[in-house]
Amino acid sequence: MDSTTLPHSSLPPVIPARRHAFFVDLDGTLAPIVDNPEDARLPEQTRDLLARLVKATDGAVAVISGRALADVDRILGALHLPVSGSHGLEFRLSAAREDAPMQSAGVPTAVIDRVEEFAVLHGVTSERKPGAIALHYRKAPDQGDACRAFVDTLVGEDPSLRSLHGKMVSEVALKGVDKGGAVERFMAAPAFAERSPVMVGDDVTDEDGFRAAQAMGGFGIKIGQGPTEAQHRIADVAGFADWLEEILR
């Protein structure tokens, strides 16, 4: 890792895992981003590191993802963790998957129908999530401007909704639900309380999580390039795995 390529924030320090709580995004942080979201896989090295981190922190590790909770579980496989899915809408405090997650209402059906119709007309992929509907344009990057503009138009028509624009994806999501709220909810639970929170992510949707962690005395780690409010930055997914290995030695 070369700090000269990581502007505006420093490399994270080597910290004692047992004193911290870890909140980690999935795509672009734990798993490399792929063209088809359903093809995402967690590298075995990363799965092993997460299992060791859970042990070192007595369970103070959670995944906070834009994916639906069930999809996160599918990618994690045999690794059972507390999860917040759909940008904070779904929330499961326990690692036990039989525990029903808490979830609030979703995006109006009429909005979902319009997004799906737009996807067909523009050759992009729509994805229904609890509390959101997404347009993926990684396979049609020339449609990015149109997707962003369409999502912003829909959100402008309904004050209960907000836009989320990430890497080759734009989403219509519920307002008032974000990853920062998920960090705060986890930190109120006994397994996470009285620790310093560390939020790790790669995209603009993780910024709420960075702000929440830093407001509570912890810090954020941005994976990759781009503007961020995170105090620290790591170049890529492999670099994050290296940092985890360092703090677990």
Side-chain angles (χ1 to χ4, degrees), residues 21-34 36-42 46-47 50 53-54 59-107 111-112 115 125-136 160-189 191-192 197-210 212-213 220 223:
F22 294 83
F23 306 103
V24 191
D25 178 40
L26 186 58
D27 296 280
T29 302
L30 294 176
I33 293 177
V34 293
N36 294 314
E38 61 271 20
D39 293 337
R41 296 292 182 269
L42 191 66
T46 305
R47 195 187 312 277
L50 281 176
L53 186 64
V54 169
V61 180
V63 172
I64 301 180
S65 174
R67 287 181 181 265
L69 191 150
D71 204 21
V72 174
D73 281 344
R74 176 185 63 80
I75 294 171
L76 292 179
L79 184 63
H80 293 197
L81 294 175
V83 174
S84 179
S86 303
H87 301 293
L89 179 73
E90 298 178 287
F91 187 85
R92 185 185 66 215
L93 180 59
S94 170
R97 294 187 179 176
E98 60 269 19
D99 290 353
M102 294 175 278
Q103 179 180 320
S104 54
V107 172
V111 173
I112 292 174
V115 171
T125 302
S126 63
E127 180 191 7
R128 294 193 188 198
K129 305 179 181 182
I133 177 77
L135 287 170
H136 297 274
S160 72
L161 303 175
R162 65 173 180 144
S163 303
L164 291 173
H165 301 298
K167 295 177 180 177
M168 298 295 181
V169 61
S170 287
E171 299 186 36
V172 179
L174 296 177
K175 189 175 289 185
V177 179
D178 58 50
K179 293 187 178 184
V183 170
E184 292 168 356
R185 290 174 73 181
F186 278 122
M187 287 298 294
F192 297 88
V198 177
M199 173 70 196
V200 190
D202 73 306
D203 211 344
V204 292
T205 58
D206 299 303
E207 293 294 321
D208 294 312
F210 299 151
I223 306 299

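Quick note: numbers below take in every heavy atom, side chains included, and nothing from hydrogens, waters or symmetry partners. Predicted, not measured: the structure shown is a model, and the values here were computed from it. In this chain, numbering begins with 1 at the start of the sequence shown.
Side-chain N or O atoms of Arg41 include none that pairs as donor or acceptor with a backbone N or O of Ala31 at under 3.5 Å. Side-chain atoms of Ser126 never come within 3.5 Å of backbone atoms of Val115 as a donor-acceptor pair (strictly under, hydrogens ignored). Arg128 contributes no side-chain N or O that, together with a main-chain N or O of Ile112, makes up a donor-acceptor pair within less than 3.5 Å.
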Determine whether His165 and Ser170 satisfy the following criterion, side chain to side chain contact (heavy atoms under 4.5 Å, CB included), listing intermediate values before the conclusion. CA-CA 4 Å; His165 301 298; Ser170 287; 2.8 Å; yes
Under the criterion side chain to side chain contact (heavy atoms under 4.5 Å, CB included), I'd like the reasoning laid out for Leu93 against Phe192: C-alpha separation, chi angles, the key distance, then a yes or no. CA-CA 10 Å; Leu93 180 59; Phe192 297 88; 4.0 Å; yes
Derivation and outcome, side chain to side chain contact (heavy atoms under 4.5 Å, CB included), residues Lys179 and Asp206: CA-CA 6 Å; Lys179 293 187 178 184; Asp206 299 303; 2.7 Å; yes
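Pro130 and Ala68 get closest at one heavy-atom pair: CD-CB, 3.6 Å. Here the shortest heavy-atom pairing between Ala134 and Lys129 reads CB-CE, 4.3 Å. Heavy atoms only, all atoms of each residue included: Gly201 and Asp25 are closest at CA-CB, 3.8 Å. In terms of heavy-atom proximity, Phe186 sits nearest to Pro82 at CE2-CB, 3.8 Å. Closest heavy-atom contact between Ala182 and Ser84: CB-OG, 3.5 Å. Between Arg185 and Gly88, the shortest heavy-atom contact is NH1-O, 4.0 Å.
Residues satisfying the salt bridge (charged side-chain N to carboxylate O under 4.0 Å, His left out) criterion with Lys167, sequence neighbours excluded, are Asp202. In this view, Val34 and Asp39, Ala40 satisfy the side chain to side chain contact (heavy atoms under 4.5 Å, CB included) rule, not counting sequence neighbours.
In this structure, CZ in Arg67 is found 3.5 Å from CD1 in Ile75, a value given to the nearest 0.5 Å. From Asp178, atom CG reaches atom CD1 of Ile64 across 10.0 Å, with rounding to the nearest 0.5 Å. Atom CG of Asp73 and atom NE2 of His80 lie 7.5 Å apart (nearest 0.5 Å). Distance NE2/His87 to CD/Glu171: 3.5 Å, rounded to 0.5 Å. Taking CD of Glu127 as the reference point, atom CG of Leu135 lies at 10.5 Å (rounded to 0.5 Å). Distance check, rounded to the nearest 0.5 Å: CG of Leu69 to CZ of Arg92 gives 4.5 Å.
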